[in-house]
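Sequential numbering from 1 along the given sequence is applied to the chain's residues.
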Amino acid sequence: MEKLKIFSLLLIITLAFGIAAPGILSSAQTANSITLIEFSSSGGLFMSPWNPVLGFTDIYSYQLWIHVREWGLYPSPSTGMPVQTTATYQYIGNYTVNQTTGVITPYLTIPSNALVFDPIALQWVPINQAAQNSTYASFVNSQLQSSGGTPPGFYQSLASYIQNDGKAPVEIIFNFEQVPWHDGINFSVADVLAWLAFMWRWSTDTSYITNQTDQYYDETFSSQYGPTIGMFEGVQIINDTSLAIYTTYVDVDPSLIAYTVDPYPGVPYDLLAAMELAVMNSTNLWWESTTTSKGTVSGIDMLINAQQIKAAALALTPSNVYYFNGLSKFGYNYGSDLSQRVNALVNWINTHGVAVVSNGPFYVDSYNAQSNTMVLKSRTFLGLPKIHYIWNNLTVPSLDEIFVESVTTEDAGIQAVKSGTADIFFYSEPINKIGTVPSTVTLIPTTTNYNDLGVNPVNNVYDPSQPGTIPLKDRTLNGTIVPGLVLYNPSSTLGIDLSKYGHPDWVPINLINSTVMESNYFQFNPMALQGVRFALNVLINRNSLVQNVYQGSAVPCFSAIIPGSPAYKALNISTYEQQLGLYGSGDPTTAVAIYNQSIQQANQSLNSYGMSLKYITDSSGTWLYLILPDGTQKKVTIYFEVRGDDPFRKAIGDQITQWIEQYFHIYVQEDYITRQVANKAIYGTDMASFSMGNHPWTMYTEGWVANYDEPIYFARYDVAQMYAPFTYGFQPTPSNSQQWYPWNQTIYQLGQNLAFGIYTPQQANQLLNDIVKLDVMGMQQSWRIFLTQGLQYYMVNGARVVIPYYGVQTGLGSIWALNTAYVVSGTTTSPSTTTTTTPTTTTTPTTTTALSGTSSALLWGIVIVIIIIIVILAYYLTRRKK
């Protein structure tokens with residue numbers, strides 16, 4: 001109580017003198033609180049919406065969210081293999097495998113009370129009854145006989161059940177510890193069932209059966225969740241904390257199976273229902289910021305849309321919460337506590353101003369979008385017990401509060417930790433950027449930052465009069481692609497609905513007249529040619545980037561399996577890189593030869609349409625031009641979108657621009673853009689559009705941070721995400737099948753197998769072989785051209801904070817770091833952590849920008865506060881003396 005009085009006094013004085021919000025956070029720290037700083041050039045903390053459906057796609061929001069929610073199972077910080085946190089599982093497998101064909105024959109009989117959520121009837125039903133529905137069975141059987149395969153979600157579940165004659169290879173029995181939600185409501189199987197029902201509904205396109213547009217089906221969600229929920233052949237409710245899942249998913253280790261099918265929800269069912277109702281009733285909200293039938297919409301955000309969520313929660317009734325429909329027939333009364341839950345949610349929103357309710361070690365106490373600050377507090381402040389992790393018998397969290405704020409320069413974050421004004425810089429840096437490391441600073445290593453070039457290979461002009469076919473994900477066009485030609489914004493440019501010709505983004509060349517050809521929307525895209533992309537891959541001198549851009553704090557990187565991944569050495573990836581001719585030093589001679597051959601082959605095809613590619617010299621150099629049939633010359637241009645707010649990526653972009661122009665003689669227009677622009681223009685728009693306003697994008701300097709510590713087998717997801725054209729949220733992907741996307745059926749199928757397919761313990765070698773196969777194909781296609789993997793470090797004020805566990809690859813980007821971090825009494829040296837080795841360097845630190853909130857005005861404000869406190873204390877001392 002005494003501390004509270006003193007703090008209140010300080011707060012009144014602080015507010016009176018107008019000290020900035022970050023300063024308030026610092027002065028408000030308790031002995032067991034820490035200040036965590038994120039780097040954002042724009043100052044914003046987050047770039048994607050906070051919702052558990054299609055949100056948390058940027059690293060900033062995700063790395064905080066993982067501490068707010070609970071998981072049940074999570075990768076070990078040391079091995080990457082999934083371990084139990086607050087859920088236990090029992091594995092039961094009974095099947096045989098044909099070693100020749102790989103076909104699995106299951107022997108576990110799925111019980112009659114195993115349920116599936118029927119998104120058409122909108123209720124839970126026994127899966128055996130759903131499979132006996134003649135309409136469903138007829139559709140599924142017809143799909144099984146077609147080459148396209150069964151659509152994901154509910155249909156896939158039925159197909160698996162029918163194909164397996166009511167049997168499954170694996171049963172996983174989950175028991176969930178009752179970790180209460182932050183608003184005080186008890187966690188139960190009802191929350192799990194709600195999430196399962198939601199996944200089946202939103203991933204299943206019911207229009208196949210109803211012939212009516214499904215307002216709930218979302219193709220992006222379906223691509224991400226549909227294949228996984230489609231592997232469920234039924235859910236058996238055991239009690240309020242336990243259920244059994246029958247699944248077709250078989251993997252090389254039981255823990256991987258349990259982790260993959262673990263249905264642990266991120267939010268309670270009442271909050272999920274409220275967000276869903278808000279989305280469906282709104283004209284401008286969806287699960288992600290995108291373009292839908294509503295038009296341009298924003299992703300619903302638990303931080304900033306709290307009032308809309310609150311209004312929707314108050315409108316919830318048992319009739320519009322469908323998650324438990326049909327369960328009463330089986331004696332279950334889930335959902336009867338809806339009114340109590342809504343009251344708790346509304347009270348939470350009224351108290352905290354945000355709708356973020358989960359059940360992890362920390363909760364969001366407050367968020368201020370104007371000051372870019374967030375306060376996370378231990379669940380114990382809510383009167384809730386700490387969480388006991390089964391793995392290693394841990395009790396979390398140890399910290400009371402985490403004050404989160406942002407800085408707009410990296411140097412500011414570095415200096416804040418060095419000076420002790422911040423405890424953690426939540427942004428990993430190379431050692432040369434950090435400079436001299438004080439004895440009070442602990443460095444936590446991470447090898448998960450890596451960069452690449454995202455390439456836009458759009459090529460949408462074809463000749464339907466020529467023999468051949470152009471296979472796409474969901475259709476086939478007759479004809480032959482005219483290499484390199486693109487008509488951007490095709491339907492609006494032509495004033496024609498191209499859908500009637502086969503696809504709204506594919507253009508028959510006979511529809512393009514001379515006027516359209518001469519417009520800026522008609523271009524030759526050199527990156528549409530696989531040979532040009534691969535030539536660039538061969539050309540780049542990654543050693544130069546490592547030395548000149550990173551000053552040695554990086555290593556060359558050539559594929560989605562980065563050198564820091566356990567799979568890199570285990571699978572001998574470097575051998576395949578060398579076989580493809582990819583070397584750290586680059587190979588300009590070979591690259592130019594590959595490039596010239598590709599351009600010559602494209603020229604031969606273009607000549608038949610009266611066009612040609614030709615090099616023309618002017619005062620600025622020699623450049624590649626597209627010559628139209630009437631002789632018009634159009635300079636071929638690569639529109640290179642470079643992250644100007646990241647000095648490393650900016651330097652990389654500048655250097656690669658120079659190499660392209662020097663060796664390939666293609667003019668490069670560099671645009672320095674920010675993360676906000678990239679998220680919208682690169683990932684959120686049609687690849688065949690002028691997404692940058694008055695021009696398209698051709699390449700983008702991508703940067704990635706791995707979110708988990710992976711075992712060797714998880715490299716399957718890395719190569720699937722980066723190379724296979726299906727939705728993980730980033731290009732290349734047909735996240736919208738009505739837009740243009742790169743397509744390769746072999747890569748697609750291999751990616752599907754790796755991301756969602758079955759590999760038994762007996763097929764462990766086959767899994768590893770498939771990983772390598774897709775990685776090699778990805779390097780060859782060069783839809784993504786990988787450049788460097790950083791050797792970077794998170795900075796921690798070791799004089800105050802100890803990080804006993806952290807990810808072997810991710811460093812602080814793992815739940816183990818902040819969840820197990822604790823504050824120690826002031827010391828002069830950094831306490832040791834698990835395996836950290838502090839590098840030494842003689843690099844002189846660069847001049848830094850002051851940390852937000854520590855300007856000269858603030859410093860004078862602090863001085864004034866100190867003076868006032870002294871005066872007040874003197875006054876009280878005087879009064880006591882009298």
Side-chain angles (χ1 to χ4, degrees), residues 70-76 81-96 104-117 124-128 130 156-157 160-161 164-179 186-200 225 228-266 269 323-324 326-327 330-334 359 387-391 393 756 758-761:
E70 185 42 50
W71 297 87
L73 305 173
Y74 199 81
S76 158
M81 291 296 286
V83 295
Q84 299 168 138
T85 56
T86 60
T88 59
Y89 68 89
Q90 178 184 357
Y91 165 81
I92 303 171
N94 191 357
Y95 59 89
T96 58
I104 293 176
T105 302
Y107 296 114
L108 291 174
T109 299
I110 299 172
S112 59
N113 62 347
L115 307 176
V116 65
F117 189 81
W124 288 91
V125 297
I127 191 169
N128 59 353
Q156 190 176 336
S157 295
S160 298
Y161 185 91
N164 292 331
D165 195 25
K167 292 181 172 58
V170 169
E171 175 187 4
I172 301 287
I173 301 174
F174 287 101
N175 189 71
F176 304 99
E177 293 189 5
Q178 288 185 301
V179 181
N186 286 331
F187 176 97
S188 82
V189 158
D191 299 296
V192 182
L193 292 171
W195 178 232
L196 288 168
F198 182 95
M199 285 193 286
W200 260 307
Y225 293 90
T228 300
I229 193 69
M231 295 186 295
F232 287 33
E233 290 189 87
V235 177
Q236 182 184 21
I237 302 171
I238 298 174
N239 55 46
D240 283 348
T241 63
S242 183
L243 53 77
I245 291 176
Y246 294 87
T247 178
T248 60
Y249 186 69
V250 174
D251 213 324
V252 294
D253 188 279
S255 68
L256 299 178
I257 302 174
Y259 184 64
T260 301
V261 303
D262 176 14
Y264 204 103
Y269 82 75
Y323 306 144
F324 313 113
L327 289 179
F330 309 101
Y332 301 110
N333 193 31
Y334 296 123
N359 64 334
I387 299 176
H388 177 256
Y389 283 165
I390 299 166
W391 181 84
N393 197 31
F756 309 112
I758 293 174
Y759 292 88
T760 68

Under the side-chain hydrogen bond (donor to acceptor under 3.5 Å, both in side chains) rule, collect the residues that match up with [X], sequence neighbours excluded.
X      : result
Gln84  : none
Thr260 : none
Tyr95  : none
Asp253 : Ser255

Is the shortest heavy-atom distance from the side chain of [X] to the side chain of [Y] under 4.5 Å?
X      : Y      : result
Ile237 : Tyr334 : yes
Pro265 : Met199 : no
Tyr759 : Val250 : no
Tyr225 : Phe198 : no
Leu115 : Leu327 : yes
Leu196 : Phe117 : no

(message) Could you check whether Tyr332 and Phe330 have their ring centres less than 6.0 Å apart?
(response) no
(message) Within the supplied structure, the quantity of interest is the number of heavy atoms (other residues, nucleotides, ligands) at a distance under 6.0 Å from Asp165 CG; does it exceed 12?
(response) no
Is [X] reaching over with its side chain to a backbone N or O of [Y], donor-acceptor style, under 3.5 angstrom?
X      : Y      : value
Trp124 : Tyr323 : yes
Ser157 : Ile229 : yes
Thr247 : Val170 : no

For [X] versus [Y], what's the shortest heavy-atom pair and its separation?
X      : Y      : result
Ala130 : Val125 : CB-CG2, 3.9 Å
Ser160 : Thr248 : CB-CG2, 3.5 Å
Asn175 : Ser242 : OD1-CB, 3.5 Å
Val83  : Ser76  : CG1-CB, 3.9 Å
Leu73  : Tyr259 : O-CE1, 3.6 Å
Ala168 : Pro106 : C-CB, 3.2 Å

(request) Take Trp71 and Asp262, measure what side-chain contact (heavy atoms from CB on, under 4.5 Å) needs, and give me the verdict at the end. (result) CA-CA 9 Å; Trp71 297 87; Asp262 176 14; 5.7 Å; no
Considering residues at least two apart in sequence or located in another chain, which fulfil the side-chain contact (heavy atoms from CB on, under 4.5 Å) criterion with [X]?
X      : value
Glu177 : Thr86, Val179, Ile390
Asn113 : Pro111, Gln236
Ser112 : Asn128
Asn393 : His388

(message) Is there a side-chain contact (heavy atoms from CB on, under 4.5 Å) between Leu256 and Met81? Walk through the geometry before answering.
(response) CA-CA 7 Å; Leu256 299 178; Met81 291 296 286; 4.2 Å; yes
(message) For Glu70 and Thr85, which I'm curious about, is there any donor-acceptor pair between the side chains at under 3.5 Å?
(response) yes
(request) Scan side-chain atoms only and decide if Thr96 and Tyr107 contain a donor-acceptor pair under the 3.5 Å cut-off. (result) yes
Residues which pass ring-ring contact (aromatic ring centres under 6.0 Å, His included) with [X], listed by chain and number, not counting sequence neighbours:
X      : answer
Tyr246 : none
Phe324 : Tyr269
Tyr389 : Trp816
Tyr264 : Phe176, Phe187

